[in-house]
Each structure stands twice: as C-alpha cells, then as structure tokens.
Asks: 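Before we start, here is the structure in question, set down as structure tokens.
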There are 2 protein chains.
Amino acid sequence: MATLQDVAVAAGVSPATASRALSTPASVSMERRHRVLEAAERLGYRPNRSAQALASGRSGHIGLVVPDLANPFFATVAKGVQSQARGAHRSVLVADTDEDVRAEREIVDDLQPNVGGLLLCSPRMPEDEIRDAAARGPVVVVNREVAGLASVSFDVASGVHAALAHLRALGHTRVAYVGGPSTSWSDARRRAALTEVAGLEIVDVGGQRPIHQGGVAAADLVIAAGATAVLAYNDLVALGVMARLHARGLSVPGDVSVIGFDDIPAAAYVSPALTTVALPLTRAGHEATTLLDGLDAAAEPPTVRLPVELVVRDSTGPAALPLKG
Amino acid sequence: MATLQDVAVAAGVSPATASRALSTPASVSMERRHRVLEAAERLGYRPNRSAQALASGRSGHIGLVVPDLANPFFATVAKGVQSQARGAHRSVLVADTDEDVRAEREIVDDLQPNVGGLLLCSPRMPEDEIRDAAARGPVVVVNREVAGLASVSFDVASGVHAALAHLRALGHTRVAYVGGPSTSWSDARRRAALTEVAGLEIVDVGGQRPIHQGGVAAADLVIAAGATAVLAYNDLVALGVMARLHARGLSVPGDVSVIGFDDIPAAAYVSPALTTVALPLTRAGHEATTLLDGLDAAAEPPTVRLPVELVVRDSTGPAALPLKG
DNA sequence: GAAAATCTTGAATGCGCTTTCACGGCTCGA
DNA sequence: TCGAGCCGTGAAAGCGCATTCAAGATTTTC
C-alpha cells in the first residue's frame, strides 16, 4: 500500500508538499502539484483515513444513527446521506438503534468521538441529551427539531392539513388518527396539526408501533370509532390498517378511506394504491449532509423544513354512510 | 475528551499497561486491571478508533458495499451486519453503488484501505476483480459465490425446485420465469436450477431491473407467453407483475399464480399476499460478519450456503385453463 | 536599489494508540 | 543453592498523515 511518503519520494518533493498538493492544491506550485498528482495516480495512492483523522483531529466520516434500517423511511434517508457524502469523499458509518433509546445513547457515545459529524435521524432521546451531544461535536437532527440545533425536518402540519382538506372535500366528517410511538417527535407534530383543523371530527385512536403490525392492530379501533376515514402515522401503519380492514370485509375506499405518510415505494405498489403525504426523504438525507459540512459553531444553527406533498391515489374516495360506532 | 494517557495517569500505571488492560485483560494483574477499568469508566474514556487503527494496522471497521440501500433486500442484510458488528464493538461503513459496476469498483478501492474487512453484497464486478480485492484484505462475498473466496449465499436451487414443485402440484404445466439483471450471479443460479426440473415447461421471458417497475414491464410478456404461473427474480419484480396483471384485468391466483423470491416485508402486506421463497437475509448479515471476523488467510475460505424456505401465501392457486399465447 | 511583504518549500513535531523490547522479580528444576 | 524460564511492567518507537515553523526565493513598494 503506497503511503504519502512514497508519493513524495516518487515526485521528488517533501511529504509536506505532497500533503499540500492533495489537500490544498492552491498552495503548491503548478509544476510540483502535477508531479505529485501524477505520482499518486501512478502508485495508486489511497490516503489512510485513520492517519488523516488522527493528525488533523477531523474524522471525515459521517455518523448516521437511525432507529431501523429495514424501515424504508430510514433506508431512503440513508441512501440520500450516502450519495451526498460520497460526493464529498466522506464515508458514512451507520448504526441502527432498533428503536431503543438506551441503545441510541450508547451508539451516540460510541460513534461521536470517531466521526466528524453526527446525523441523528428521528432520535428518541430527550432533548437535553441531544443538546449534550451537539455540544461535543457537529450534530444535525433529522425528522425532528430541537431548539438551538441544526435540523432537517418536514412541514408535517401542511401535510396533515392537505390530507384533511382532501378528506373533507370527499365528504368525510369523522376521521380517525392512528398515531406512532408516543415518544416520537413527528407523531406529536401530526397530533398538533390535527387539532388546528375545524369542520372535521378527529378521533384519536392512540399510538402504535410504526410498522405494519401496528396498523393491523389499530384497524379494529378505527372501525369501532365509527370513522369513515383514517389518517395514519406512516405508510407502513396505513398499509396494516388496510390489510386488516380488508380482512374484516371492509372495502377501501368504498367503506373507509386511508391516508398514509412518507410515500414509501410500497405505497404505490399495493392495491388500492395508497394516498399519502409524500416526504422528500432522499432530499432530507442530502440536505442534512450538506448542513453538517457547513456547520459553524459560531453561527445560528440552520433549520430547514422541507415541503411535503399530498399524493392522491386510490385509497381515498367519497365518504360512505358512517359506520355505526 | 479523555485519552488513554489520562486513564493511565489516573490509574497510576503506564500507558502500555492501560492499553493492555483494555485490549488484553489477561495479560495484566487483576489489581491493576481493575484500577484501569475503574479510571476509564470514571473519566468516560472512549478509545480513538483512528489512533487504534493507525497504531495496530487493523481498522476495526467493517465495510459493507451494497447495490441499493433502499432495496429491502439489502437494507435487511445491512441490518443484520450492523447488529452483529455492534456486538463485536465494530462499526459499519456502508456504501451504496447504485447498481453501477464502475461506482462499485471505485468504492471498493476507496473503502478497502480503511476498513478491517469488506462485505461485498451481490457484487456486480467480474470475479477476477473481486479476487484482486480479496488479495488485498479480508473479503466476504454475500449472495454470490466466487471460487476460493469466503462467501455467504442462499440455496437458491432448492428454492426454485420447491417453487416449481408447488406449482406442479397445483396443476400448472407452463411457467414463465422473469429474470433479473443479466450480470447478476443469483439470476444465473436461478436459471441454472430451472433447467434441471422436468415435467414443467419453463418459458424464459428475459431479464428485468430487479425492482417493481421491472415486473410491471415483464407482465405483458408473461401473458403473451401463455403461462399460467410466474416465477420472478425477486419479490419486488413479482409485485410488479401482479400489479400489471391486475391492471390488465387478470386475477391472481385465479388466472395466474405468482411466486417471488426473498420474502421482503411487503410480500406479506400486499393482497393477495405473495407466495415466495424466503431467504434468511438478516442471518446472512450475521453469518457474513462472523465469517469476516474469523477469516484466516491460511485456511480454506469457508463457504456457507443458507437454507431457504418456500412460504406459501395467497398468490398461488390451482392452474386455470392456459391463456392463449 | 534596498527593505519589506509575499509565496513556496522542507524539517520537524505530534495526534492517540499498539507493540516490541528489555528489565526486574518470580517460580521451578536440578 | 543457582541458573533457566516465565510473567507483569514500563520505556520507547512509530503507524501515516497534517501542520507549524523557519528559511529561502521571489515579488512588491517607496
């Protein structure tokens, strides 16, 4: 494995110059720079990231912490992060907390000293712990907002409003909301947006695990609540609701309309195709990575809130007569 | 940030002893070991992985290269790798090649010098390049087999056989195979297994991109081929086939039976639920990580082939009268 | 035309850690 | 009892690189 030393010798310059030629090209004369670049190319030189990190004190790696990699939501964000990071020649260390706060804490503690910045995706930790972490190094929070910290989130409220307006336009008057984990920031946002809308009766049927099974469990509550439409915490839950509704002999959207959140790929596959509030997941990954790069301890931490879009498909339709509660 | 040096001072021992107490506990007297551990705990000491890597020449990090993180297949494997790696106190660097060979090459070159081992998941690279990589450092190939290299793959042939036997038992005689990327090793394995089965007419309708849209595109070919059943490269493709079949007014399994591969979560959600050959994805991630840890340049590289299981759901049923071709 | 400012360069230092190496204190066999 | 072997320990070297510092080369300024 060729080292910078080798490149320097091959190019007939000092290691210092070789280092500069690669990292601060402007500070080296054109001729030497070319000699170094050529030698590096010829020798197949690959910088040793560990050595770079150790010497400079900056790690180059990006740490990405997600609750569940197998969840398409986070997988898509991860993909966005990954592609943006590659463009900046940085690698991504991903860690999956399995939706567990304790594990999350541990992972953050483990990861943080060894990365140049941390991307906390839908963190379950309390705010003050997140702020502690941010005090120790660059941190960008994704899909959550923490006062004083850089974050990338979604304009959930407008998504909720669009969804409810859509349902109202279809004649629905009683809508059930199937929530996510009670500790989830984005569930709280959805709930907050719900109360702000008039003309529609919202029945909160409680929180569920943010996966298919959660939706299955919630469907019966929805039926019992006598709602003709459901807004679900996310697409996975919405899909679960639909599956159970189907199993109980109810038709979607004939008897009940269903709206999800996220617009994961599966939302378009299923039949009926799911009406959902689409979140720009990949873009969130991009933005977060970009933010992390440009983070400046002095400046006010930037907060970007990405626009969302209601994608109307086949799971919503005109209201049926209300089911009896 | 506390360093080993600090811990050593606090424990009243030399840095060498502190280092040994943490990495080779057996080589330190019980009393000093406890002093060091206590001091480390008290100071919140976190080893600097970069320094460890630089000093020892071993990186500790595991590099995971996948074609597409957003594909539930790879996301699940990644989750498996991740959880196993955490158990061994190693971090995972993931890179997404976007199904592109050139990017894959580049990523491998980039990553390899900076990780302790590489997990190549469904690599698209030619065998000799993979072997080159393996010559430069520990490599385990996942979902592909390369002669002379450690690998974790699936017993695809028996899955194909089970699927075909299932279809035969249902009275099908003409089965279409919708393939994946032609460069894909696992597609070749599926094809190889197909030809070995008698009593069933297999129509190869060509390869598709291994995603939902690929299946949509293939469905019309299936209909034209006059098959009453379809075996698809993977679940995503199978779902695409089903969607298009549905759109064309054909019923599943009434008119056409559909079988997928992988058993991604969505396979169980959709309606009709997809009959599929389930691959132990998470386990593959575990096994691969374990293999990587125990890789010994001297010994014969281990090859593990994981068993698969046909999961019969609702997308397969008795054969209808053959469609006319 | 001399002094000051600027730019390029190489020598040298050290990031935090692992790992020889050598040394003193042991135990053991003879 | 004495030397051979072993174990626990610390001093020290160095992994590959970025970066500071000082020096030389060049340009600029009055």
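In what follows, chains are A, B, ... by sequence order, proteins preceding strands, each numbered from 1. Values below: all heavy atoms of this structure, side chains included; hydrogens, waters and symmetry mates excluded.
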Asks: Rounded off to whole Å, could you give me the CD-to-C1' distance for the Gln52(B) and dT18(C) pair?
Replies: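 My rounded result for the distance is 9 Å.
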Asks: Leu4(B) has an atom CG; how far is it from atom C1' of dT19(C), in whole Å?
Replies: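 Interatomic distance, CG of Leu4(B) to C1' of dT19(C): 13 Å.
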Asks: Whole angstrom is fine here: how far is it from CE in Met30(B) over to C1' in dG8(D)?
Replies: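 Atom-to-atom, Met30(B) to dG8(D), this comes out as 14 Å.
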Asks: Where do Val92(A) and Ala85(A) come nearest, in terms of heavy atoms and distance?
Replies: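 Minimum heavy-atom separation between Val92(A) and Ala85(A): CG2-CB, 3.5 Å.
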Asks: side-chain contact (heavy atoms from CB on, under 4.5 Å) for Arg131(A) and Val146(A)? Distances and angles first, verdict last.
Replies: CA-CA 8 Å; Arg131(A) 229 175 266 116; Val146(A) 177; 3.8 Å; yes
Asks: Contact class for Ser19(B) vs. all strands (heavy atom < 4.0 Å): base, sugar-phosphate, or nothing?
Replies: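 If one applies the 4.0 Å heavy-atom cut-off, Ser19(B) turns out to touch a base.
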Asks: What integer distance in Å separates Arg58(A):CZ from dG16(D):P?
Replies: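 In whole Å, dG16(D) P lies 20 Å from Arg58(A) CZ.
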Asks: Leu43(A) CG to dG16(D) P: how many Å, rounded?
Replies: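 So the CG-P distance, Leu43(A) to dG16(D), works out to 14 Å.
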Asks: Quick check: closest heavy atoms across Asn143(A) and Trp185(A), and the distance to 0.1 Å?
Replies: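 Scanning both residues, the minimum pair turns out to be O-CE3, 3.6 Å.
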Asks: With side-chain contact (heavy atoms from CB on, under 4.5 Å) as the test, would you mind laying out the steps for Val140(B) and Leu120(B) before giving the verdict?
Replies: CA-CA 6 Å; Val140(B) 172; Leu120(B) 264 28; over 6 Å; no
Asks: Between Asp109(B) and Arg136(B), does any NZ, NE, NH1 or NH2 come within less than 4.0 Å of an OD or OE carboxylate oxygen?
Replies: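 Here Arg136(B) pairs with Asp109(B) in a salt bridge, since their nearest N and O are under 4.0 Å apart.
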Asks: Could you check how far CG of Leu22(A) sits from P of dG16(D), rounded to whole Å?
Replies: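 Going from Leu22(A) (CG) to dG16(D) (P), I get 16 Å.
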Asks: Quickly work out the Asp6(B) CG to dC17(C) C1' distance and round it to whole Å.
Replies: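 It works out to 13 Å between those atoms.
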Asks: Check whether any side-chain heavy atom of Ile62(A) lies under 4.5 Å from a side-chain heavy atom of Thr289(A), and answer yes or no.
Replies: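 Yes. Closest side-chain heavy atoms under 4.5 Å.
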Asks: When Ser153(B) is tested against each of Arg144(B), Glu145(B), Arg189(B) for side chain to side chain donor-acceptor pair (under 3.5 Å), which residue passes?
Replies: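 With Ser153(B) as partner, Arg144(B), Glu145(B), Arg189(B) yield a single side chain to side chain donor-acceptor pair (under 3.5 Å), made by Glu145(B).
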Asks: With pairs taken as Watson-Crick or G-U wobble and both distances under 3.5 angstrom, which stems of at least three consecutive pairs involve DNA chain D?
Replies: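 Output for stems: C:1-27 with D:4-30.
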Asks: Hey, what do you get for CZ (Arg42(A)) to CG (Leu37(A)), rounding to the nearest 0.5 Å?
Replies: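 The CG atom of Leu37(A) is 12.0 Å from CZ of Arg42(A), to the nearest 0.5 Å.
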Asks: For a 4.5 angstrom cut-off between non-hydrogen side-chain atoms, does Arg86(A) reach Ile107(B)?
Replies: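 The answer is yes; the side chains approach within 4.5 Å.
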Asks: Between protein and nucleotides 7-15 of chain C, map the contacts as a letter string: B base, S sugar-phosphate only, - none, heavy atoms under 4.0 Å, written 5' to 3'.
Replies: -SBBB--BB
